[in-house]
Amino acid sequence: MHLVCGLPRRAASLLLACLRSIVRLSDARSAGDPLLHNIPRDPRTVIGSFELEPRTRSYVCCPACFALYDTSPLPLFCTHQPTPASRRCHTKLWKTRIIRGNPIQRPIRTYLHQDLKQWMARFISRPGVENLLDSAACPHEGTDMEDIWHASTFRQFCGPDGKLFLSPTIHEGRYLFSLGVDGFNPFQNKVAKQNVTVTGMYMVCLNLPPDLRYLPENMYLVGVIP
């Protein structure tokens, strides 16, 4: 339910607790029964065991200037300077939450980023994707050009060794990407007298067929510029 229907993690934990109670009451099982022990208490247990979510890196993000921090020790206040002569931002980066009577320091804002190598590994491991990527290097027959691969630019592109970079005889994966940058209003122009823009940077694998290149699951999100 958490992955398929978007159920929040806390609600999914409650659902798992209800499932454990139903199994215990319907079959009069004891607390030490193996079946009850195998029902996880937290959905993150299943997600982590099967690696269903991508590996991401979390950065502490300044809520004012959006500077990123990921190395220890992390500062309490933003130390970013637009120029060497500028004053430091000095915006507070942390907030205190009370959990079960204990104060816990949490970042006010975080930014998640997925490394390109991690994304590429998950992308190629999907069934049939690697064969689709390798088929782009096959020679094109005919004079009609319906795709970027039908032009001579990629066909005649040479690598550092002077040989064709893309060739059916090369037994390794060689992939080409295009970079797209586009800004949009996150409020969908519904807020009057507001001029807000968020810029997304995407990479599209040109080795995919045209009908698959621009699907959200096949595009790599490079970053977001607030």
Side-chain angles (χ1 to χ4, degrees), residues 2-6 9 43-61 66-71 109-186 188 197-226:
H2 174 63
L3 295 176
V4 177
C5 300
R9 190 174 67 238
R44 287 175 293 187
T45 303
V46 180
I47 294 173
S49 300
F50 291 95
E51 298 187 358
L52 298 178
E53 287 189 346
R55 297 180 182 179
T56 57
R57 188 172 184 177
S58 180
Y59 295 84
V60 176
C61 180
F66 307 105
L68 301 179
Y69 300 89
D70 68 328
T71 56
R109 178 173 294 174
T110 57
Y111 174 77
L112 294 178
H113 178 72
Q114 185 182 15
D115 184 75
L116 177 60
K117 291 183 178 180
Q118 295 286 347
W119 179 87
M120 198 67 189
R122 293 176 62 92
F123 180 57
I124 295 179
S125 64
R126 288 161 46 187
V129 170
E130 189 171 5
N131 292 333
L132 288 174
L133 299 180
D134 294 338
S135 63
C138 296
H140 171 64
E141 298 180 358
T143 57
D144 295 335
M145 293 188 293
E146 301 177 353
D147 187 25
I148 191 172
W149 287 95
H150 297 165
S152 60
T153 303
F154 291 161
R155 303 290 178 185
Q156 299 175 1
F157 183 77
C158 296
D161 56 358
K163 298 180 181 180
L164 291 178
F165 182 75
L166 299 169
S167 174
T169 59
I170 298 176
H171 301 289
E172 65 179 11
R174 294 188 175 183
Y175 311 122
L176 299 179
F177 286 84
S178 64
L179 176 66
V181 180
D182 191 16
F184 60 93
N185 189 335
Q188 301 179 357
T197 301
V198 174
T199 301
M201 297 179 291
Y202 307 90
M203 288 178 61
V204 176
C205 185
L206 299 177
N207 293 66
L208 286 173
D211 58 322
L212 299 178
R213 286 175 195 163
Y214 301 98
L215 296 180
E217 60 268 25
N218 295 334
M219 299 173 63
Y220 172 65
L221 177 62
V222 179
V224 178
I225 303 176

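Computed from heavy atoms alone, side chains included, the values below leave out hydrogens, waters and symmetry copies. Here the structure is a predicted model, which means the values were calculated and not measured.
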Checklist entry - Does the pair Thr197 and Asn185 meet the rule for a side chain to side chain contact (heavy atoms under 4.5 Å, CB included), with working shown? => result CA-CA 5 Å; Thr197 301; Asn185 189 335; over 6 Å; no
Checklist entry - Looking only at atom types and distance, does a side-chain atom of Tyr220 sit under 3.5 Å from a main-chain N or O of Gln114, one as donor and one as acceptor? => result yes
Item to check | Residue pair Pro210 / Asp147, side-chain heavy-atom distance below 4.5 Å | outcome: yes
Checklist entry - Which residue pairs pass the salt bridge (charged side-chain N to carboxylate O under 4.0 Å, His left out) test with at least one member in residues 215-226, sequence neighbours excluded? => result none
Checklist outcome for this item: When every non-hydrogen atom of Val222 is compared with those of Tyr111, the smallest separation belongs to O-OH, 4.3 Å
Checklist entry - What do the steps show when you test Cys61 against Leu68 for side chain to side chain contact (heavy atoms under 4.5 Å, CB included), and what is the final call? => result CA-CA 5 Å; Cys61 180; Leu68 301 179; 3.8 Å; yes
Checklist entry - Partners of Tyr69 by side-chain hydrogen bond (donor to acceptor under 3.5 Å, both in side chains), sequence neighbours excluded? => result Thr79
Item to check | Counterpart residues, side-chain contact (heavy atoms from CB on, under 4.5 Å), relative to Phe177 (two or more places apart) | outcome: Trp119, Met120, Tyr175, Met203, Cys205
Checklist entry - Is there a donor-acceptor contact under 3.5 Å from the side chain of Arg213 to the main chain of Leu208? => result yes
Checklist entry - What is the distance from atom CG of Leu221 to atom CG of Leu112, rounded to the nearest 0.5 Å? => result 11.0 Å
Checklist entry - Rounded to the nearest 0.5 Å, what separation is found between the CD1 atom of Ile148 and the CG atom of Leu176? => result 8.5 Å
Item to check | Backbone N/O of His113 and side chain of Arg57: donor-acceptor pair under 3.5 Å | outcome: no
Next on the checklist: Evaluate Met201 against Val224 for side chain to side chain contact (heavy atoms under 4.5 Å, CB included), listing each step before the verdict.
Outcome noted: CA-CA 6 Å; Met201 297 179 291; Val224 178; over 6 Å; no
Checklist entry - Does the pair Thr199 and Phe184 meet the rule for a side chain to side chain contact (heavy atoms under 4.5 Å, CB included), with working shown? => result CA-CA 6 Å; Thr199 301; Phe184 60 93; over 6 Å; no
Next on the checklist: Using only atom types and a distance under 3.5 Å, with no angle test, would you say the side chain of Asn218 pairs donor to acceptor with the backbone of Leu212?
Outcome noted: yes
Item to check | Gln156: side-chain hydrogen bond (donor to acceptor under 3.5 Å, both in side chains) partners, not counting sequence neighbours | outcome: none
Checklist entry - Looking at side-chain heavy atoms only, is the closest gap between Gln118 and Pro54 below 4.5 Å? => result no
Checklist outcome for this item: Residues passing the side-chain hydrogen bond (donor to acceptor under 3.5 Å, both in side chains) test with Asp115, sequence neighbours excluded, are none
Checklist entry - Which residue pairs satisfy the ring pair (Phe, Tyr, Trp, His ring centres under 6.0 Å) criterion with at least one member in residues 197-218, sequence neighbours excluded? => result none
Next on the checklist: Taking Asn207's backbone N and O only, do any of them form a donor-acceptor pair with Asp134's side chain (distance below 3.5 Å, no angle check)?
Outcome noted: no
Item to check | Gap between atom CZ of Phe165 and atom CZ of Phe157 - 0.5 Å precision | outcome: 6.5 Å
